[in-house]
Amino acid sequence: MEINRKMKRAVKVGPLTIGGGFPIVVQSMAAVKTSKVDDVLRQIKEAIPYGLELMRVSVLDMEDAEALRELTAQSPVPIVADIHFDYRLALLAADSGVAAIRINPGNIGSEDRVKAVVEACQTRRIPIRIGINGGSLFKDHEATPEEMVAAAKEHVAILERNSFYDIVISLKSSSPLTTIEANRLADQVFPYPLHLGATEAGPKDVSLIRSAAVLSPLLLDGIGDTIRLSMSEPPLEEVKAGHRLLRDLGLEERWPFFVSCPTCGRTMVDLMPLARKVQAYLEERRLNIKVAVMGCIVNGPGEARDADIGLAGGHGVYALFKKGKIIKTVNEKDAYDVLIAEIEKDL
Ligand code: SF4
């Protein structure tokens, strides 16, 4: 199955391009206050090996805005400043080396303030992300998809009136179905790239399901140019989950396809710790190979015959197989090292 990506305006975000058919950018958001620059940098550096490409940080006050200069100077990935309402924070952010700003121009205030922000962004070629949250549009009800798109149109119109077109749009609702529908509508209406995510996605186990439920139908339709799988976890977990999802949909090449069996009464090895260790090895290195760790020799190699390489458990031993063919048998305690050595031979 081939996914035909929608061709949206290519928007430069620092060294990255969002839209224009470029690969989908995986982003995250720092889970600490921006003024704590060292903590933000630690979260960025932890997530980079797993493919963090863009980090958003919230700018709540002057203290945060003033920290941006140091943060952008030291961060290996471009920084997006997330600002609500206060145009002075946006001006300071634009002047501090950020690669993009998230602000809704309709919330900035007077036309003069909007112009000041637009000019600051235009001069530095900084795009603006408009973010519509269905929960905060109205006091009495969660916005419908049509209402969310209408709100986005108003913000977009303000920027377009000021001849500003480097726009990225996100539409999120706490209802997964509303988020899907809002993005489908937005895809038809706007020529600008879309940032996909599920808001208030919850703790990891809930978020993984919810985010996949929201993002997959859109991504399969070619909708979405950048994603964040938000969850109540540090950024590196969001980044891993983002790449796993893209890999499963065939939209990501630098990521392993890892399988392990659920285990059953036939399993006679301690499979789960081994499976987790192999997965961690592959993901840390972002190796684009298919690897299987299976519980038994009867079904393992056959069920995982698509795998480039894998292990299948026996009585205290594992069989090492390549493309479904067993090549040797090793003690359970040596299985990890033997598998990794075999993988590294072919790198
Ligand atoms: S591969 Fe073997 S051990 Fe694993 S679930 Fe299938 S039958 Fe059970």
Side-chain angles (χ1 to χ4, degrees), residues 1-6 8 18-19 23-29 31 47 50-54 56 102 129-138 141-149 151-152 168-190 193-253 255-262 279 283:
M1 175 185 166
E2 200 170 321
I3 296 175
N4 292 315
R5 300 268 318 282
K6 301 293 178 79
K8 299 292 182 180
I18 293 179
I24 295 168
V25 169
V26 174
Q27 57 174 288
S28 184
M29 185 163 185
Y50 297 98
L52 172 71
E53 297 176 279
L54 185 60
R56 182 155 56 106
R102 183 198 172 201
R129 177 180 143 201
I130 291 168
I132 302 299
N133 190 323
S136 52
L137 275 186
F138 303 102
H141 69 282
E142 180 88 21
T144 64
E146 291 77 11
E147 287 169 335
M148 291 170 69
V149 171
V168 178
I169 299 169
S170 67
L171 301 113
K172 299 179 183 179
S173 161
S174 53
S175 154
L177 296 179
T178 302
T179 305
I180 293 170
E181 201 44 39
N183 279 283
R184 284 188 174 144
L185 284 177
D187 169 57
Q188 287 165 20
V189 171
F190 299 113
L194 294 177
H195 164 114
L196 301 184
T199 190
E200 300 143 27
K204 188 172 172 180
D205 51 352
V206 177
S207 160
L208 291 175
I209 303 285
R210 190 164 298 146
S211 297
V214 170
L215 269 57
S216 297
L218 295 166
L219 292 168
L220 287 170
D221 283 348
I223 298 170
D225 302 281
T226 176
I227 61 169
R228 175 188 176 205
L229 268 73
S230 65
M231 61 180 76
S232 316
E233 287 282 338
L236 86 159
E237 295 299 333
E238 297 191 349
V239 173
K240 285 184 201 173
H243 285 291
R244 286 177 195 144
L245 179 63
L246 293 179
R247 178 69 174 84
D248 278 358
L249 299 179
L251 289 163
E252 165 70 70
E253 285 177 2
W255 200 260
F257 190 82
F258 178 70
V259 298
S260 60
C261 82
Q279 181 193 5
E283 292 190 344

Please determine whether a side-chain nitrogen of the Lys or Arg among Arg184 and Asp221 lies less than 4.0 Å from a carboxylate oxygen of the Asp or Glu. yes
Over all heavy atoms of both residues, which pair between Pro193 and Gly19 is shortest? Give the atoms and the distance, please. CB-CA, 4.0 Å
Exercise: do Ser173 and Glu142 side chains pair donor with acceptor under 3.5 Å: yes
Using side-chain contact (heavy atoms from CB on, under 4.5 Å), reason through Ile223 and Leu194 one step at a time and then give a plain yes or no. CA-CA 7 Å; Ile223 298 170; Leu194 294 177; 3.7 Å; yes
Could you grab the distance from atom NZ of Lys240 to atom CG of Leu229, nearest 0.5 Å is fine? 13.5 Å
Give a yes or no on whether the backbone of Phe258 and the side-chain of Gln279 come within a donor-acceptor separation of less than 3.5 Å. no
Is Arg228 close to Arg56 at the side-chain level, that is, under 4.5 Å between some pair of heavy atoms? yes
Verdict with reasoning, Tyr50 to His243, per side-chain contact (heavy atoms from CB on, under 4.5 Å): CA-CA 8 Å; Tyr50 297 98; His243 285 291; 5.5 Å; no
For salt bridge (charged side-chain N to carboxylate O under 4.0 Å, His left out), just list the numbers for Lys6 and Asp225, CA-CA rounded to whole Å, side-chain angles, deciding distance to a tenth of an Å, and then say yes or no. CA-CA 9 Å; Lys6 301 293 178 79; Asp225 302 281; over 6 Å; no
Let's go through Asn4 and Glu2 carefully: what are the C-alpha distance in whole Å and the side-chain angles of both, what is the deciding distance for side-chain contact (heavy atoms from CB on, under 4.5 Å) to 0.1 Å, and is it a yes or a no? CA-CA 6 Å; Asn4 292 315; Glu2 200 170 321; 4.2 Å; yes
Any side-chain heavy atom of Glu283 within less than 4.5 Å of one from Pro256? yes
Heavy-atom pair with the smallest gap, counting every atom of Leu137 and Ala143: CD1-CB, 3.7 Å
Flag the pair Leu171 / Thr179 as yes when at least one side-chain heavy-atom distance between them is below 4.5 Å, and no otherwise. no
Would you call Thr199 and Asn133 a side-chain contact if the rule is heavy atoms closer than 4.5 Å? yes
Is there a side-chain contact between Ile130 and Ile132 in this structure, where contact means two heavy atoms from C-beta onward sitting under 4.5 Å apart? yes
For a 4.5 angstrom cut-off between non-hydrogen side-chain atoms, does Thr144 reach Thr178? no
Are Thr226 and Val26 close enough, and set up right, to give a side-chain contact (heavy atoms from CB on, under 4.5 Å), and what steps lead you there? CA-CA 6 Å; Thr226 176; Val26 174; over 6 Å; no
So which atom in Ala212 and which in Pro217 form the shortest heavy-atom distance, rounded to 0.1 Å? O-CD, 4.0 Å
With Arg102, which residues qualify under salt bridge (charged side-chain N to carboxylate O under 4.0 Å, His left out), at least two apart? Asp82
Can you see which heavy atom on Gly197 is nearest to which on Val214, and at what distance? O-CG1, 4.4 Å
Can you list the residues that meet the ring-ring contact (aromatic ring centres under 6.0 Å, His included) rule with His195, with sequence neighbours excluded? none
Identify the heavy atoms of Ile227 and Leu219 that sit nearest to each other, and give their distance. CG2-CD2, 4.4 Å
Roughly how far apart are Lys172 NZ and Ser136 OG, rounded to 0.5 Å? 11.5 Å
Determine, for Lys8 against Asp187, whether the closest basic-nitrogen to carboxylate-oxygen distance falls under 4.0 angstrom. yes
I need the minimum non-hydrogen distance between Arg5 and Gly224, along with the two atoms involved. NH2-O, 3.6 Å
Ala213 backbone acceptor or donor facing Ser216 side chain under 3.5 Å: no
With a 4.0 Å cut-off on N to O distance, would you call Arg244 and Glu252 a salt bridge? no
Can you list the steps and then say if Ser170 with Arg129 is a side-chain hydrogen bond (donor to acceptor under 3.5 Å, both in side chains)? CA-CA 7 Å; Ser170 67; Arg129 177 180 143 201; 3.0 Å; yes
Between the main-chain N or O of Leu185 and the side-chain N or O of Gln188, is there a donor-acceptor pair closer than 3.5 Å? no
Which donor-acceptor pairs under 3.5 Å do the side chains of residues 201-211 make with protein atoms, sequence neighbours left out?
unit_1, atom_1, unit_2, atom_2, d
Lys204, NZ, Glu237, OE1, 3.0
Ser207, OG, Ser211, OG, 3.4
Ser207, OG, Ser230, O, 2.7
Arg210, NH1, Ala201, O, 3.3
Ser211, OG, Ser207, O, 2.9

Would you check if Leu54 and Ile18 make a side-chain contact, meaning some heavy-atom pair closer than 4.5 Å? yes
Could you tell me if the side chain of Phe138 sits less than 4.5 Å from the side chain of Glu147, heavy atoms only? yes
